[in-house]
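Reading through the structure tokens given below for one structure.
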Number of protein chains: 2
Amino acid sequence: MISADNSSIVAALRKRIIDGHYAPGERLAEIPVAEALGVSRTPVRLAFRTLEQEGLLQRVGKRALAVRVFSPADVQCAIEVRGVLEGLAARLLAERGLDPKTREVLLDCLHEGEAIVGAAQLTEESIGAWSEVNTRFHAAIVDADDRRVIADAIARNNHLPFASADSIIIDRAELDQAHQRLRIAQLHHRLVFDALEKGEAARVEMLMREHAQIGLRYDNLLIPERHE
Amino acid sequence: MISADNSSIVAALRKRIIDGHYAPGERLAEIPVAEALGVSRTPVRLAFRTLEQEGLLQRVGKRALAVRVFSPADVQCAIEVRGVLEGLAARLLAERGLDPKTREVLLDCLHEGEAIVGAAQLTEESIGAWSEVNTRFHAAIVDADDRRVIADAIARNNHLPFASADSIIIDRAELDQAHQRLRIAQLHHRLVFDALEKGEAARVEMLMREHAQIGLRYDNLLIPERHE
DNA sequence: TCCATTCTGTTTGGATCCAATAGAGAAAGA
DNA sequence: TCTTTCTCTATTGGATCCAAACAGAATGGA
């Protein structure tokens with residue numbers, strides 16, 4: 001039984017899809033889902049509509065809905081999309097000029113991140129804290145009235161299976177690997193901030209584009225062997 | 001009265017919003033809309049949900065829905081978003097290599113476009129024809145299984161008010177201005193194809209990014225004065 | 001034996017009814 | 001006169017009922 005308000009039904013279904021309770025490709029019918037959630041068909045239909053629009057559900061044939069199957073190419077694409085969109089947002093911010101308020105937020109993030117990453121040891125909690133700082137950093141760059149369309153596009157793209165980069169980092173990485181990753185990410189934050197402040201639009205776009213993908217390309221984050 | 005199938009209700013509402021029948025900022029209630037369309041509230045609710053997700057409607061306060069107001073910054077952003085996404089799609093295509101089928105389609109578009117743009121005079125019909133060719137060119141670059149996520153992101157972004165670049169060109173431009181624009185666009189198509197064939201990924205991304213915006217930045221398309 | 005047609009059951013889509021609630025407006029108090 | 005609170009109404013959200021469409025099975029004919 002779910003708190004019978006539609007947005008929580010959407011959230012519940014989204015969660016079930018993302019964590020595999022409903023398998024990719026599995027067909028979803030209204031009645032069983034409604035019964036499982038303890039509500040009537042109407043709100044489930046609404047929720048299906050939302051999730052279809054988000055791209056988590058997919059029409060099969062003319063009427064049936066199924067959980068969308070994401071190929072590796074899909075995930076790769078979604079990572080790239082996130083990269084170009086965040087890069088774009090950063091560039092527009094650089095072109096328009098860094099306002100004092102955003103600058104303040106970014107600086108706070110930098111300092112807090114420095115403290116976390118600079119610690120000798122990473123803990124579960126400090127990873128959580130960094131993830132929060134990271135989210136704030138990205139939000140500061142993306143969320144503004146004059147870039148709302150980009151923020152929307154990113155949000156929609158993020159409904160894709162990797163859902164939240166943060167959870168991947170926390171779930172998948174061993175602690176020492178995570179530490180190395182966070183150091184890289186923190187460095188990126190510094191570089192991005194630096195370029196933003198100097199108004200180096202093209203450079204900040206490139207940096208942000210690269211950085212936006214770091215939490216997601218988790219396969220590539222291991223430090224490669226020294227080759228000399 | 002509308003053919004009582006939900007997707008046509010969505011389409012009808014979308015049309016009314018885009019062509020201003022419902023003004024930006026205007027609040028939409030279910031009952032009057034349902035009566036206007038001659039259907040009950042249920043399908044209207046579904047349609048509202050879709051349009052809200054698309055970004056054409058926007059929640060005001062806690063329950064009310066209103067037609068979204070697009071600022072100039074929004075439109076600018078949407079153009080930029082389209083640019084980076086199409087650029088990304090083109091780059092991925094270049095990296096993966098141009099398959100024979102896509103190559104064929106693009107070549108056809110180039111030749112047909114050449115014929116239209118090369119004509120002495122442009123007509124309403126030839127603009128329409130070029131618009132169709134242009135659409136096919138872009139689709140060939142964007143629509144493929146391995147870039148579906150990008151295509152989706154572009155499609156969602158295009159629900160924004162400018163809706164279709166083609167209609168803007170046709171509606172707003174004088175014929176001779178249009179001719180000049182189409183020549184530029186055709187040149188872009190050639191450059192993009194060339195870069196694609198050579199596998200020049202970074203270059204094709206840049207070219208496509210620029211080109212994707214040409215139909216949209218209609219203010220910038222006038223040929224500047226010669227400066228020497 | 002295989003194909004086509006029909007029949008039936010399952011599922012989606014639409015209409016209507018009922019309940020909850022947000023928001024406006026009125027009334028009362030400061 | 002301004003602010004706060006209360007009430008009432010308009011509107012949204014959920015449940016249920018009904019109709020239509022689709023899929024699959026079964027039966028009949030070739």
Side-chain angles (χ1 to χ4, degrees), chain A residues 1-17 21-69 152 155-156 159, chain B residues 1-17 21-69 152 155-156 159:
Chain A
M1 178 71 85
I2 290 285
S3 90
D5 128 64
N6 191 266
S7 65
S8 54
I9 291 178
V10 172
L13 280 177
R14 193 187 292 127
K15 184 172 177 308
R16 285 185 179 217
I17 292 170
H21 184 276
Y22 296 121
E26 181 177 344
R27 186 177 162 195
L28 253 49
E30 291 174 6
I31 298 176
V33 170
E35 283 171 357
L37 297 178
V39 294
S40 86
R41 279 178 52 217
T42 313
V44 172
R45 277 164 67 187
L46 269 309
F48 277 9
R49 186 58 69 102
T50 300
L51 293 171
E52 183 191 354
Q53 208 67 19
E54 282 182 5
L56 282 176
L57 297 181
Q58 187 173 35
R59 287 229 168 281
V60 177
K62 208 165 185 181
R63 310 201 303 182
L65 272 180
V67 177
R68 176 157 165 189
V69 181
D152 289 351
R156 282 194 292 253
H159 286 127
Chain B
M1 180 70 87
I2 291 286
S3 90
D5 127 67
N6 191 268
S7 65
S8 55
I9 292 178
V10 172
L13 279 177
R14 194 187 292 127
K15 184 174 178 307
R16 285 185 179 216
I17 293 170
H21 184 277
Y22 295 122
E26 181 177 343
R27 186 178 161 194
L28 289 184
E30 292 173 7
I31 297 175
V33 170
E35 283 171 358
L37 297 179
V39 293
S40 86
R41 278 178 51 218
T42 313
V44 172
R45 275 164 70 186
L46 269 309
F48 278 8
R49 186 58 69 101
T50 300
L51 294 170
E52 184 192 355
Q53 208 67 17
E54 282 182 5
L56 282 176
L57 296 181
Q58 190 173 32
R59 283 222 122 58
V60 177
K62 209 162 187 181
R63 310 202 303 183
L65 271 180
V67 177
R68 175 157 165 190
V69 181
D152 289 351
R156 283 193 291 253
H159 286 127

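The sequence lines fix the lettering, A, B, ..., with proteins before strands; numbering per chain opens at 1. All values below come from the heavy atoms of this structure, side chains included, with hydrogens, waters and symmetry mates left out.
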Nucleotide C/dT12, atom C1' - distance to CZ of A/R49 in whole Å: 11 Å

A/I31 CD1 - D/dC18 C1' separation (whole Å): 13 Å

Rounded distance in Å - CD (A/E30) to P (D/dC22): 15 Å

5'-most by nearest nucleotide on DNA chain D - B/L28 or B/T42: B/L28

Which atom of B/E30 lies closest to which atom of B/V44, heavy atoms considered: O-CG1, 4.1 Å

Whole-Å gap separating C1' (C/dT12) and CG (B/N6): 12 Å

Per-nucleotide protein contact string for nucleotides 19-25 of chain C (B base, S sugar-phosphate only, - none; heavy atom under 4.0 Å): --BSS--

Contact under 4.0 Å: A/S40 side-chain N or O vs D/dA15 OP1/OP2: yes

Those residues that, when tested against A/S40, pass side chain to side chain contact (heavy atoms under 4.5 Å, CB included) (two or more places apart): A/T42, A/P43

Contacts of A/R59 that satisfy salt bridge (charged side-chain N to carboxylate O under 4.0 Å, His left out) - sequence neighbours left out: A/E52

Closest non-hydrogen atom pair, A/L13 against A/A47: CD1-CB, 3.9 Å

Per B/R45 side chain, nearest of listed nucleotides C/dA15, D/dG14, D/dA15: D/dG14

Spacing between A/L46 atom CG and D/dG13 atom C1', to the nearest angstrom: 8 Å

Closest listed nucleotide, where the reference is the side chain of A/R41 and the choices are D/dG13, C/dT16, C/dT12: C/dT12

A/L65 CG to C/dT12 P, straight-line distance once rounded to whole Å: 8 Å

By side chain to side chain contact (heavy atoms under 4.5 Å, CB included) - contacts of A/E35 (at least two apart): A/I31

Partners passing salt bridge (charged side-chain N to carboxylate O under 4.0 Å, His left out) against A/R27 (at least two apart in sequence or in another chain): none

Check: A/Q58 main-chain N/O paired with A/R68 side-chain donor or acceptor under 3.5 Å: no

Atom pairs under 3.5 Å, N or O on each side, protein against nucleotides 5-9 of chain D: can you list them with distances?
none

